[in-house]
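Computation of the quantities below employed the complete heavy-atom set of this structure, encompassing side-chain atoms and omitting hydrogens, waters and symmetry-equivalent molecules. Just so you know, residue 1 is the first one in the sequence shown, and it goes up from there.
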Amino acid sequence: MLKRLAALFLVLFCSAGVIEADEGQALPPKGMGGVVLALSGGGTKGLAHIGVLQVLEKEGIPVVGIVGTSMGAIMGGLAASGYSGTDLERVVLELDIATLLQDRTVPAAGQKGKPDQAFFRIDFDKDNKPAGPLGVINGTRLLNKLLSLVAHAPVARFDDLPIPFAAVATDLETGEKVILREGGLATAMRASMAIPGVFEPWPMGGRLLVDGGLVANIPVRVAKEVFPGYPVIAVDVTSGLRSRSRLRFVTDVLDQGITIMTRRNVEEDLAEAALVLRPAVGDFPTLGTGNEKEIVRAGRKAAEDALQGLRTVASRAPLPGERQRVPAPLVKSVRVEGVPPVTKSFLERTYASWIGAPVDPAVILDACVTIGERDDVGAVDYRLDPVPEGVEVVLLAQEAAPYSVLIDGYTSNLDPHRWLYLTGLSRNLFREGDLLRADLFLSDNIGLEARYFSPVSGYRRQEIAFSVRHWETETRNAGSFEWDRYTLGISRTRWWGPLEMEWGIFGEYVQSGVADEHNWGPQMTFRYGDLDDLTDPTRGSSIVASIWWADCSELLWSLDFTWVKPLREDMRLLVAGGVTGGNAGNPVHAAYLGSPGDLRSLGSSPLYGDYAAWLRVAVRRLLLKSGFGSLYGDFFAAKGAIFNDSWTEQESPWEIGVALSMPGQFLGGSVMILYDDRGRWTFGFELGGPYQGHKLIP
């Protein structure tokens with residue numbers, strides 16, 4: 001519920017104030033002077049800014065400066081970086097805003113200790129006092145997307161952009177208005193829309209910044225201050241006051257309250273504008289669903305209807321000066337902030353190779369992503385500080401809290417096991433950069449797992465793992481089994497980009513109805529993955545292969561793969577499969593078939609054997625995209641097989657079905673209808689992420 005409210009709150013900084021555009025007298029569109037745009041906040045309605053930009057470009061009216069707040073800062077910053085109105089519309093229509101608002105991720109290559117973004121999380125400082133989170137959404141995905149979108153414009157000062165730009169934010173400590181004109185462009189855009197309580201405040205220039213709509217939701221006076229001498233055209237997409245009959249939900253009340261609170265500063269700003277454009281977006285929901293093109297069209301119409309007024313204002317404005325393209329500056333030094341001293345020194349040595357070359361935003365962005373995969377780091381961005389004859393690249397890492405507690409869960413009517421996950425994290429416990437993670441899994445099958453990760457050294461890391469699991473299962477072909485399993489191991493991981501290799505030694509002690517036994521042996525895992533999104537991939541592949549040589553006499557192994565290929569803009573093909581080699585003489589080491597990952601219809605009664613294989617093919621089509629998340633329709637078919645020790649097939653179940661799914665959104669979940677090889681129709685649902693309680697290989 002919190003993340004759904006967060007998506008709604010993203011668009012709640014709306015304000016009142018109505019000043020109609022005065023069209024003035026018709027003038028020929030020649031000798032046009034420059035105008036400055038003041039773009040307001042307003043959530044999804046802010047897409048109307050794009051339509052206004054398109055008309056100004058078509059009419060040849062020069063824009064010599066842009067000042068934006070909240071959504072106006074995002075649209076304005078992208079336009080200022082060099083996107084034309086047409087390109088900007090294309091970029092925005094391709095964005096999946098709901099996905100960008102989700103920071104639910106899974107461990108990256110070589111960083112198995114980095115946790116998912118759980119349903120609930122609380123952080124603690126070094127004195128064990130609660131210290132966050134300061135917002136429901138961290139906004140890391142959103143920042144990374146903005147960084148990639150503006151990577152083509154590496155500047156230290158926003159005045160050096162193709163269109164000079166400024167963003168408005170609010171200092172959370174003092175309540176002061178903050179005008180952002182240098183540093184990181186993506187960071188300024190991210191800070192300007194950091195709605196208090198929803199997005200975590202963003203540190204920038206020694207301040208903790210939140211949404212600029214608190215102090216200037218339509219920043220006309222800021223625009224006149226930053227770009228003196230030029231007329232300011234305000235584009236107002238804020239909400240007016242609703243009548244009582246339209247106050248139907250709590251979000252309406254919140255929207256109305258914010259409108260009332262910001263109404264005075266909005267009216268004062270609008271009174272200073274040379275011209276106000278008010279696109280007719282009042283009937284659109286503040287969180288649009290498939291209305292993007294119509295909202296952009298409304299912006300175009302508002303500008304076209306006021307075209308005579310635009311020409312009048314531009315004809316009386318000073319002519320813009322000539323602007324020359326600013327080449328990428330040279331890197332003179334590299335500095336890392338927000339990480340402990342040893343890590344800082346290592347990273348600065350690593351990226352010293354940049355010095356003397358022109359700024360390469362793509363390389364810097366890759367470095368930000370790499371640093372962000374560390375356990376002791378949150379979001380990472382960068383800024384360019386001017387120095388003699390070039391710039392200093394400053395990589396800005398937000399240090400993760402020393403201690404964190406996370407809660408998550410899973411439930412489904414297709415699986416008898418419902419889980420509540422409790423996770424505790426302790427960072428920099430013994431050495432800088434280490435991590436201790438403890439997971440408690442509460443269900444009728446209970447589990448406890450503790451893992452200690454040494455600091456990352458180059459592209460290597462060590463892990464010590466201990467686990468205790470109680471497991472009960474009722475198989476379809478071999479009766480019921482129950483056991484307690486204790487495992488202990490030490491391993492080392494090395495990774496090369498998307499390729500990762502782990503090797504070590506693991507042991508187990510098992511108590512079951514069959515026999516009590518202990519086994520030790522070497523274990524090795526290979527992983528490769530280039531999926532563009534690990535929770536909701538649209539393209540790429542992944543492969544995981546593992547082996548464990550128990551007591552150097554029994555070889556247990558598994559191979560799993562995923563391949564995703566886009567078929568068209570709203571449709572993709574997903575293929576997944578796996579093969580497992582076990583030992584049916586020992587229920588702990590046997591191969592099982594029947595889980596959310598392979599055949600869902602077998603979830604309550606899995607098949608048991610020496611070997612198992614499965615293949616699932618699905619066609620996924622996007623049905624609905626909104627701030628709540630992306631809703632997909634899936635058609636899928638899956639087939640599996642269980643074999644004995646001579647690879648003779650024992651059973652070969654299959655299933656087909658359709659599903660509505662929202663992967664990675666909120667807790668993630670789906671509803672489905674299945675038809676299986678036994679002629680059964682099953683209605684199923686699942687919510688959250690399942691826990692693999694039975695792991696063949698430790």
Query raised in the report: Under a 4.5 Å cut-off applied to non-hydrogen side-chain atoms, are Val237 and Leu47 in contact?
Result: no
**Report entry** Shortest non-hydrogen contact from Leu146 toward Ile74
**Finding:** CD2-CG2, 4.3 Å
Query - Asp269 CG to Thr69 OG1 distance, which is reported to the nearest 0.5 Å - result: 8.5 Å
Query raised in the report: How far apart are the closest heavy atoms of Val359 and Pro154, and which atoms are they?
Result: CG1-CB, 3.7 Å
Query raised in the report: Is it true that Asp381 and Arg383 make a salt bridge, defined as a side-chain N closer than 4.0 Å to a carboxylate O?
Result: no
Requested in this report: Go through Leu39 and Val67 one step at a time and tell me if the side chain to side chain contact (heavy atoms under 4.5 Å, CB included) criterion holds.
Outcome: CA-CA 6 Å; Leu39 306 181; Val67 179; over 6 Å; no
Query - Gap between atom CG of Asp305 and atom CG of Leu277 - 0.5 Å precision - result: 10.0 Å
**Report entry** Minimum heavy-atom distance Ile218-Ala38, with the two atoms named
**Finding:** CG2-O, 4.5 Å
**Report entry** Heavy-atom donor-acceptor pair, His49 side chain to Ser40 backbone, under 3.5 Å
**Finding:** yes
Requested in this report: For residues Phe635 and Arg621, determine if any side-chain heavy atom of one lies less than 4.5 Å from a side-chain heavy atom of the other.
Outcome: no
Query raised in the report: Under the side chain to side chain contact (heavy atoms under 4.5 Å, CB included) criterion, do Met204 and Leu396 qualify, and how do the steps go?
Result: CA-CA 9 Å; Met204 191 173 182; Leu396 304 161; over 6 Å; no
Query raised in the report: Between His152 and Tyr83, what is the ring plane arrangement, given parallel below 30°, perpendicular above 60°, and tilted in between?
Result: perpendicular
**Report entry** Nearest non-hydrogen partners of Pro279 and Ala298, listed with the distance
**Finding:** CB-O, 3.8 Å
Query raised in the report: Can you check whether Val92 reaches Met75 side chain to side chain, under 4.5 Å on heavy atoms?
Result: yes
Query raised in the report: Heavy-atom distance under 4.5 Å between the side chains of Val296 and Gln54, does that happen here?
Result: yes
Requested in this report: Look up atom CG in Leu384 and atom CG in Leu185, then write down how far apart they are to the nearest 0.5 Å.
Outcome: 10.5 Å
Query raised in the report: Within a radius of less than 6.0 Å around NZ of Lys177, do more than 12 heavy atoms belonging to other residues, nucleotides or ligands occur?
Result: yes
Query - Ser192 side chain vs Val168 backbone, donor-acceptor pair below 3.5 Å - result: yes
Query - Interatomic distance, Arg539 atom CZ to Leu574 atom CG [nearest 0.5 angstrom] - result: 12.5 Å
Query raised in the report: Less than 4.5 Å apart, any side-chain heavy atom of Glu59 and any of Leu310?
Result: no
Query raised in the report: Should the heavy atoms of other residues, nucleotides or ligands under 6.0 Å from CG of Leu623 be counted, would the total exceed 12?
Result: yes
**Report entry** Pairwise side-chain contact, Arg300 with Lys58, heavy-atom cut-off 4.5 Å (strictly under)
**Finding:** no
Query raised in the report: Rounded to the nearest 0.5 Å, how far apart are CZ of Arg278 and CG of Leu270?
Result: 7.5 Å
**Report entry** Where Phe165 and Gly77 come nearest, the two heavy atoms and their spacing
**Finding:** CE1-N, 3.4 Å
**Report entry** Criterion side chain to side chain contact (heavy atoms under 4.5 Å, CB included) on Leu78 and Val150, from CA distance to verdict
**Finding:** CA-CA 7 Å; Leu78 293 175; Val150 300; 3.9 Å; yes
Requested in this report: Go through the side-chain N and O atoms of Ser70 and Asp211 and say whether any donor and acceptor fall under 3.5 Å apart.
Outcome: yes
Report task. Specify the closest pair of heavy atoms between Ala80 and Leu161, including all atoms of both residues, with the distance to one decimal. Result -> O-CB, 3.5 Å
**Report entry** Donor-acceptor contact present, side-chain Arg572 to main-chain Pro537, <3.5 Å
**Finding:** yes
Report summary line: Separation between OH (Tyr632) and CE (Met662), nearest 0.5 Å, reads 9.5 Å
Query raised in the report: Does Val564 reach the side chain of Leu531, with side-chain heavy atoms less than 4.5 Å apart?
Result: yes
Query raised in the report: Below 4.5 Å, heavy atoms only, C-beta onward: do Leu209 and Leu180 meet side chain to side chain?
Result: yes
**Report entry** Worked check of side chain to side chain contact (heavy atoms under 4.5 Å, CB included) between Arg311 and Met32
**Finding:** CA-CA 7 Å; Arg311 291 172 176 170; Met32 294 292 185; 3.6 Å; yes
Query raised in the report: Within the side chain of Thr170, is there an N or O that forms a donor-acceptor pair under 3.5 Å with the backbone of Gly175?
Result: no
